[in-house]
Every structure is written in C-alpha cells, then in structure tokens.
Amino acid sequence: MNRRMYVLLGATLGGAAVGALATLFLPGHGSKEPAAFFTHPPVRWLAIDESMRGHWPFLIACILGWVLFSLYWEIAAKNAAPAKSSESRVSRAIHVTLVNLALLIEIAPVRGFGRYVPASPIVMMAGVAVEAVGLFLAIWARRHLGRNWSGEITIKVEHQLIRSGPYRLLRHPIYTGLLAMYAGPAIVTGEWHALLGFGMAAVAYWRKIRLEERNLEVAFGADYDAYRRDTWALVPGLY
C-alpha cells in the first residue's frame, strides 16, 4: 500500500473522529456544559453541523467513492512501467500534502464558517453523482494511459504520448476526474470550508499540470506542442 493510501485513510478516519467528538458535545448528550464550550470563538466552528443530521448516507457514499478509487489505483499501479526520470521528493510531498489535506477539510462535517447551499437531499444527491462521474472518468483515462501512468511526474522507459479515449480531447482527463471527485464532497457537505478544500485541490493540480506539461514538452518536443494545440487541459471549451 502506497503512502497516498495511508494518508487518505488517515484523513478519512480523522474526519470521522472530528465528527464523533463534536457529536459528544452537542446538547442532549449529557451535560450542557460541553455544548456551551462550542458556542464561543475560536472553537465554535468545531461543532458538528446540525443540518447534516439524517443525511450521513450521502457523505458516506462520497467517502466510499474515494476508498474505491484508492484501491483501484493501488492495484493498477503494479502494471506501471519503470521510471526513467521523476520529480523530487519535496515536490511530490507538496502535492500529496495539499490534496489529502483538501479532502480532510471537505469531509469534516463541522459547522465551520456556515453553509453556502442548503442541506437538501437533491443537492447532496447531485454531489454524489458528480463524484461518481469523476470516478468513472479517472478510471477510464487511467486504463487508456496504461503503463505510462505514474503518481509522480515522471518520464517512463519507452514512454508514449497517449491520444486515445478521453486523451483525444483532454491532456489531463485523470485530473479532470479527480477534481470532479473533490467537487462532489464539497457539494454534499455544503460548507464554506469544503469550498476551501476544493480550492486547495485545484491549486495542487494546477501546479502539477504546469510541471507535467513542462516535463512532457522536454520529452516529446514538437509532437507535444502539436498535441497541446489540438486539445484542452481539463475542460473542453474552457481550459
């Protein structure tokens, strides 16, 4: 199991622990004194979001989607070709830290800074659907990338420039799928801090795209320049 999987599971368990601890301090769970603790800054935002009560299956569905993604990625990584060159450990650590912290912030069901969308089953179902579409796209793209895939920014031995499947339109469809998977929980929880988490993930992948495209341009030269002119980075017609 790779480091990303350990961190992801730790983030999931950490978010669950935050929610469980916050629940213990809510009114109706013994003394009213602990509940009063959460009514004063700066810890007021740690109280569990009451509007999430009765809607936990949607959040659990999002977490299970990420677990499924991580398990598939762990299995598929075994077929990747060996790397000829790769980014530094510091660069990789920056990315892993940002994306996992982003997910933890998104799934924490605490009051935070308040809600930007109502706690509606229809809205939450839409969030789960967005994550499911992102998961499908990421797996579809991963299968087309085959042995050229790597979690790190690398150039593989006998690296090929893939143009099949979603790569006919997008240069980074896996990242498009992953950002959709981050958007899903942000919609489900509906909290402002979840949007902050999504923003962190977007910055992390924007940074990674810039580094990766620079790397691919060095590896493939004019071929990659032509490919870049004919495709979009993440979303057709937008970027």
Side-chain angles (χ1 to χ4, degrees), residues 2-5 8 65-89 91-96 98-100 102-103 129-184 186 198-239:
N2 59 26
R3 186 180 302 175
R4 178 183 171 84
M5 185 64 176
L8 175 60
W66 274 99
V67 171
L68 176 62
F69 163 81
S70 298
L71 290 175
Y72 175 81
W73 239 239
E74 181 70 15
I75 295 170
K78 296 177 180 179
N79 295 323
K84 186 163 60 175
S85 63
S86 61
E87 66 180 317
S88 68
R89 290 185 178 181
S91 177
R92 178 60 180 164
I94 290 173
H95 180 77
V96 170
L98 283 174
V99 295
N100 284 286
L103 183 59
V130 168
E131 181 177 317
V133 170
L135 177 62
F136 170 80
L137 177 58
I139 292 177
W140 181 33
R142 172 66 182 85
R143 290 179 65 84
H144 277 273
L145 202 57
R147 289 173 55 81
N148 298 285
W149 174 86
S150 174
E152 301 174 350
I153 298 172
T154 63
I155 293 298
K156 298 289 188 177
V157 174
E158 299 181 354
H159 201 118
Q160 296 176 324
L161 187 58
I162 303 300
R163 304 189 189 204
S164 61
Y167 288 93
R168 287 176 295 181
L169 291 177
L170 302 175
R171 296 192 298 278
H172 308 282
I174 290 179
Y175 301 160
T176 303
L178 285 171
L179 287 172
M181 290 185 67
Y182 279 98
F198 177 77
M200 289 178 61
V203 168
Y205 283 104
W206 173 80
R207 171 185 174 273
K208 188 170 184 178
I209 285 173
R210 288 174 61 87
L211 294 174
E212 191 166 300
E213 295 212 331
R214 193 180 306 159
N215 201 37
L216 290 170
E217 188 173 11
V218 170
F220 294 103
D223 286 343
Y224 190 74
D225 287 338
Y227 174 60
R228 186 161 51 186
R229 287 193 297 270
D230 295 337
T231 55
W232 299 90
L234 291 174
V235 182
L238 291 179
Y239 175 70

Inset, instruction - State whether the side chain of Tyr175 and the backbone N or O of Ala233 hold a donor-acceptor pair below 3.5 Å, judged by distance alone. - result: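 Such a contact is absent between Tyr175 side chain and Ala233 backbone.
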Measuring from atom [atom1] of [X] to atom [atom2] of [Y], what distance do you get when rounded to the nearest 0.5 angstrom?
| X | Y | atom1 | atom2 | answer |
| --- | --- | --- | --- | --- |
| Arg92 | Ser88 | CZ | OG | 11.0 Å |
| Thr176 | Trp232 | OG1 | CH2 | 12.5 Å |
| Leu234 | Ile209 | CG | CD1 | 4.0 Å |
| Trp73 | Leu68 | CH2 | CG | 10.5 Å |
| Leu216 | Asp225 | CG | CG | 11.0 Å |

Considering non-hydrogen atoms only, spot the tightest contact between [X] and [Y] and give its length.
| X | Y | answer |
| --- | --- | --- |
| Leu178 | Phe69 | CD2-CZ, 3.3 Å |
| Thr231 | Tyr227 | OG1-O, 2.7 Å |
| Tyr167 | Leu145 | OH-CD2, 3.5 Å |
| Asp223 | Leu161 | O-CD2, 4.1 Å |
| Met181 | Trp66 | O-NE1, 3.4 Å |
| Ile174 | Ala138 | CG1-O, 3.9 Å |

Inset, instruction - Could you go through the side-chain contact (heavy atoms from CB on, under 4.5 Å) check for Arg228 and Phe220 one step at a time? - result: CA-CA 11 Å; Arg228 186 161 51 186; Phe220 294 103; over 6 Å; no
Inset, instruction - Might you confirm whether atom CZ of Arg163 has over 12 heavy atoms from other residues, nucleotides or ligands at distances under 6.0 Å? - result: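 Yes - once you tally the heavy atoms of other residues, nucleotides and ligands closer than 6.0 Å, there are more than 12.
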Inset, instruction - Step through the shown structure and confirm whether more than 12 heavy atoms of other residues, nucleotides or ligands are within 6.0 Å of CZ on Arg207. - result: yes
Legend entry - Plane angle bin for Tyr205 and His95 - parallel if under 30°, tilted between 30 and 60°, otherwise perpendicular: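 Answer is perpendicular, since the angle exceeds 60°.
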Inset, instruction - Hey, can you tell me if His144 and Trp140 have their rings parallel, tilted or perpendicular (30° and 60° cut-offs)? - result: perpendicular
Inset, instruction - Please tell me if the side chains of Val67 and Leu71 come closer than 4.5 Å, counting only heavy atoms from C-beta onward. - result: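 Answer yes - side chains close enough.
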Inset, instruction - Report yes if some heavy atom in the side chain of His172 is under 4.5 Å from a heavy atom in the side chain of Glu213; otherwise report no. - result: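 Yes - at least one pair of side-chain heavy atoms lies under 4.5 Å apart.
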